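Below is one structure, written out as structure tokens; the observations come after it.
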Amino acid sequence: MSRAIPRTYWVAGTAVLLALLFAAAATVAAANGGSAAPAPAAPRTPGLYSADAGFARDMAVHHQQAVEMSFIVRDRTQDEAVRTLAYDIANTQANQRGMLLGWLDLWGLPKVVADEPPMSWMGGSAGHGGHAGHGPAKPGALMPGMATKEELEQLGAASGRDAEVLFLQLMTDHHKGGVTMAEGCAQQCGTPVERDLAQGMVDAQRSELTLMADMLKQRGATPRG
């Protein structure tokens with residue numbers, strides 16, 4: 001019998017709304033204050049190749065695959081623990097992906113940059129502080145933890161325990177790569193709410209990594225590598 005597992009929720013909408021309203025509120029306050037102190041300067045809009053924009057673009061793609069894998073496994077097993085985990089991952093990461101794409105729209109920046117290799121926003125620091133091996137990649141290369149097309153096809157063809165184990169192994173790799181990326185933004189991004197979101201991703205996905213290791217052990221399996 002599958003044991004119940006806690007759901008993981010991430011709520012950051014309030015922080016985003018506050019950030020969006022800050023500049024407008026400051027302008028109104030200055031207009032009504034007469035001789036009051038001048039309003040703070042408007043927040044700087046991230047540049048096209050900034051860590052803020054690069055992380056938003058890359059993590060939106062990374063999250064999309066996690067959502068895809070979660071929907072695949074929900075159709076391949078009746079195990080309630082795995083299905084619940086898959087639902088939580090799909091729901092959380094779909095919402096976060098919407099926030100990342102919304103920021104790119106707010107900044108007037110494209111969601112795809114043809115000449116930008118994955119992870120290039122991490123720059124020279126990608127090889128330091130635990131990011132070794134996850135620096136800028138060649139165009140067309142997979143980001144850290146991303147499943148290959150063949151692995152996704154294998155997941156879609158599996159069922160029962162085989163599907164559960166493969167999903168947990170693939171998602172473990174995916175989360176490890178996601179944590180590396182999110183740590184990079186938490187250290188380098190200049191937008192406070194984006195740094196907060198990235199740190200929230202680190203905390204939540206580390207918790208799910210512990211959970212998935214336990215679920216694999218229950219099924220007589222271990223993470224890959």
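These numbers come from the heavy atoms of this one structure, side chains and all, not from hydrogens, waters or symmetry mates. No experiment lies behind these values; they were computed from the predicted model shown.
The main-chain N or O of Val112 is never found under 3.5 Å from a side-chain atom of Arg57 such that the two would form a donor-acceptor pair. A donor-acceptor contact shorter than 3.5 Å links the side chain of Asn95 to the backbone of Asn91. Judged purely by atom type and a 3.5 angstrom limit, Asp58 has no side-chain atom pairing as donor or acceptor with the backbone of Pro118. With hydrogens and angles ignored, the 3.5 Å screen pairs a side-chain donor or acceptor of Ser70 with a backbone N or O of Ala66. Side-chain atoms of Thr84 never come within 3.5 Å of backbone atoms of Ala81 as a donor-acceptor pair (strictly under, hydrogens ignored). Checked by atom type and distance alone, the side chain of Thr172 pairs as donor or acceptor with a backbone atom of Leu168 at under 3.5 Å. The backbone N or O of Glu164 sits nowhere less than 3.5 Å from a side-chain atom of Arg76 that would complete a donor-acceptor pair. Not one N or O on the side chain of Ser207 forms a donor-acceptor pair closer than 3.5 Å with the backbone of Asp203. Not a single donor-acceptor pair under 3.5 Å links the side chain of Asp52 to the backbone N or O of Cys189.
A pairwise comparison of heavy atoms in Ala60 and Leu100 identifies N-CD1, 3.9 Å as the closest pair. Heavy atoms only, all atoms of each residue included: Met59 and Ala182 are closest at CE-N, 4.0 Å. Between Ala147 and Met69, the closest heavy-atom pair is CB-SD, 4.1 Å. Here the closest non-hydrogen pair linking Val179 and Val202 is O-CG2, 4.0 Å. Between Trp121 and Gly184, the shortest heavy-atom distance links the atoms CZ3-C, 3.8 Å. Closest non-hydrogen pair, Gly47 versus Leu109, comes out as O-CD1, 3.7 Å.
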(request) Decide side chain to side chain contact (heavy atoms under 4.5 Å, CB included) for Arg161 and Val165; before the verdict, give the C-alpha distance in whole Å, the side-chain angles of both, and the deciding distance to 0.1 Å. (result) CA-CA 6 Å; Arg161 177 190 172 280; Val165 169; 3.9 Å; yes
(message) With side chain to side chain contact (heavy atoms under 4.5 Å, CB included) as the criterion, how do Thr222 and Lys217 come out once you've worked through the C-alpha distance, each side chain's angles and the decisive distance to 0.1 Å?
(response) CA-CA 6 Å; Thr222 59; Lys217 184 177 181 181; over 6 Å; no
(request) Could you walk me through whether Leu155 and Phe167 pass the side chain to side chain contact (heavy atoms under 4.5 Å, CB included) test, one step at a time? (result) CA-CA 7 Å; Leu155 179 61; Phe167 169 75; 4.0 Å; yes
(request) Check the pair Glu183, Arg206 against salt bridge (Lys or Arg N to Asp or Glu O under 4.0 Å), reporting the backbone distance first and the verdict last. (result) CA-CA 11 Å; Glu183 286 177 334; Arg206 281 179 175 167; 2.4 Å; yes
(message) If you apply the rule side chain to side chain contact (heavy atoms under 4.5 Å, CB included), what do you find for His175 with Ile89, and how did you get there?
(response) CA-CA 10 Å; His175 271 25; Ile89 291 174; 4.2 Å; yes
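Leu211 and Leu170 end up in the same hydrophobic cluster when Ile, Leu, Val, Met, Phe, Trp and Tyr side chains are linked at under 4.5 Å. Under a hydrophobic-cluster definition in which Ile, Leu, Val, Met, Phe, Trp and Tyr are linked whenever side-chain heavy atoms come within less than 4.5 Å, directly or via other members, Val67 and Leu104 are assigned to different clusters.
More than 12 heavy atoms of other residues, nucleotides or ligands shown are found within 6.0 angstrom of OH on Tyr49.
Glu194 CD to Gln199 CD: the interatomic distance, rounded to the nearest 0.5 Å, is 13.0 Å. Summarising the geometry, atom CG belonging to Leu101 is positioned 12.0 Å from atom CD belonging to Gln96; distances are rounded to the nearest 0.5 Å. If you take CE on Met99 and CG on Leu106, they are separated by 12.0 Å, rounding to the nearest 0.5 Å. The CD atom of Gln154 lies 9.0 Å from the CG atom of Asp162; values are rounded to the nearest 0.5 Å. The structure places NE2 of His63 at 4.0 Å from CD of Gln93, a figure rounded to the nearest 0.5 Å. Here Met146 contributes atom CE and Leu152 contributes atom CG; the two are 8.5 Å apart, rounded to the nearest 0.5 Å.
Using a 4.5 Å heavy-atom threshold, the side chains of Met201 and Cys185 count as separate. Leu216 has its side chain within reach of Pro223: a pair of non-hydrogen atoms, C-beta onward, lies under 4.5 Å apart. Proximity of Pro144 to Lys176: side-chain heavy atoms (C-beta onward) are nowhere separated by under 4.5 Å. No side-chain heavy atom of Phe55 sits under 4.5 Å from any side-chain heavy atom of Leu197.
Scored by the ring pair (Phe, Tyr, Trp, His ring centres under 6.0 Å) test, His174 finds His62 as partners (sequence neighbours excluded). Judged as a salt bridge (Lys or Arg N to Asp or Glu O under 4.0 Å), and not counting sequence neighbours, the contacts of Arg224 are Glu151, Asp173.
Between Lys111 and Asp105 there is a salt bridge, with a side-chain nitrogen of the basic residue lying less than 4.0 Å from a carboxylate oxygen of the acidic one. Taking the charged nitrogens against the carboxylate oxygens, Arg219 and Asp79 do have a contact shorter than 4.0 Å, which makes a salt bridge.
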